[in-house]
Amino acid sequence: ATFEWADGILSTIFKACAESDKPDEKWIMFDGPVDALWIESMNSVMDDNKLLTLINGDRIPLTNSMTLLFEVEDLAVASPATVSR
């Protein structure tokens, strides 16, 4: 392993939506259990900053044409700050 950064599914989709010139609505749907580690990293996207900050330092904006939808069974491991967003 070279330990070089490689974009995963979310960062690839998020970048494609953010860089798109099409005015169409872009919905990113999260369907599954909430994990405390990844949901907390989504806080900066869901607050006034509207930026996804990756571990490699890249910052991807949540544009006006993008919407995030979370379909979860429960929020047992999410913090109150996350739930309020």
Side-chain angles (χ1 to χ4, degrees):
T2 63
F3 298 105
E4 291 182 34
W5 174 263
D7 280 326
I9 294 170
L10 176 60
S11 57
T12 299
I13 292 171
F14 214 91
K15 280 182 185 179
C17 291
E19 294 171 356
S20 173
D21 293 330
K22 295 181 181 179
D24 303 331
E25 274 289 317
K26 297 152 194 83
W27 290 73
I28 301 175
M29 183 173 165
F30 298 84
D31 182 15
V34 173
D35 177 85
L37 295 176
W38 71 260
I39 196 65
E40 292 301 321
S41 67
M42 296 298 290
N43 281 346
S44 66
V45 178
M46 296 184 289
D47 67 15
D48 291 340
N49 294 321
K50 295 186 177 180
L51 286 171
L52 176 64
T53 304
L54 304 178
I55 197 153
N56 70 347
D58 285 355
R59 296 164 53 111
I60 309 168
L62 178 73
T63 65
N64 290 334
S65 65
M66 293 169 63
T67 302
L68 304 180
L69 176 67
F70 296 86
E71 183 176 342
V72 299
E73 184 174 328
D74 63 58
L75 297 170
V77 298
S79 70
T82 299
V83 174
S84 69
R85 290 178 168 91

Next item on the list: Enter the distance from Leu62:CG to Cys17:SG here, rounded to the nearest 0.5 Å.
Entry: 9.5 Å
Notebook entry, point to check: Are side-chain heavy atoms of Leu75 and Val34 found at a separation under 4.5 Å?
Noted result: yes
Check: Which pair of non-hydrogen atoms, one from Asp24 and one from Ser65, has the smallest distance, and what is that distance?
Finding: O-CB, 3.6 Å
Check: Which heavy atom of Met66 sits nearest a heavy atom of Pro61, and at what distance?
Finding: SD-O, 3.9 Å
Item checked: Close side-chain approach of Asp7 and Leu54, heavy atoms under 4.5 Å -> yes
Next item on the list: Look at the side-chain heavy atoms of Ile, Leu, Val, Met, Phe, Trp and Tyr, link any pair under 4.5 Å apart, and say whether Leu68 and Ile13 land in one connected group.
Entry: yes
Notebook entry, point to check: If you measure from CZ on Phe70 to CD1 on Ile28, what distance do you get to the nearest 0.5 Å?
Noted result: 9.0 Å
Next item on the list: State, yes or no, whether a side-chain contact exists between Thr63 and Lys50 at a heavy-atom distance under 4.5 Å.
Entry: no
Check: Linking I/L/V/M/F/W/Y whenever any side-chain heavy atoms sit under 4.5 Å apart, do Trp38 and Leu69 land together?
Finding: no
Notebook entry, point to check: Would a 4.5 Å heavy-atom cut-off, applied to side chains only, mark Ile55 and Trp5 as touching?
Noted result: yes
Next item on the list: For the residue pair Phe30 and Leu10, establish whether any side-chain heavy-atom pair is separated by less than 4.5 Å.
Entry: yes
Check: Looking only at heavy atoms, what is the nearest atom pair of Gly32 and Val72, with distance?
Finding: O-CG1, 3.5 Å
Check: Hey, does the side chain of Ser44 reach the backbone of Leu51 with a donor-acceptor pair shorter than 3.5 angstrom?
Finding: yes
Item checked: CZ-CD1 distance between Phe14 and Ile60, expressed to the nearest 0.5 angstrom -> 6.5 Å
Check: Would you find more than 12 non-hydrogen atoms of other residues, nucleotides or ligands less than 6.0 Å from Asp48 atom CG?
Finding: no
Notebook entry, point to check: Judged by atom type as modelled, is there a donor-acceptor pair below 3.5 Å linking the side chain of Asp47 to the main-chain atoms of Asn49?
Noted result: yes
Check: Does CD belonging to Glu25 count more than 12 external heavy atoms closer than 6.0 Å?
Finding: yes
Check: For atom CG of Asn64, is the number of surrounding heavy atoms from other residues, nucleotides or ligands below 6.0 Å larger than 12?
Finding: no
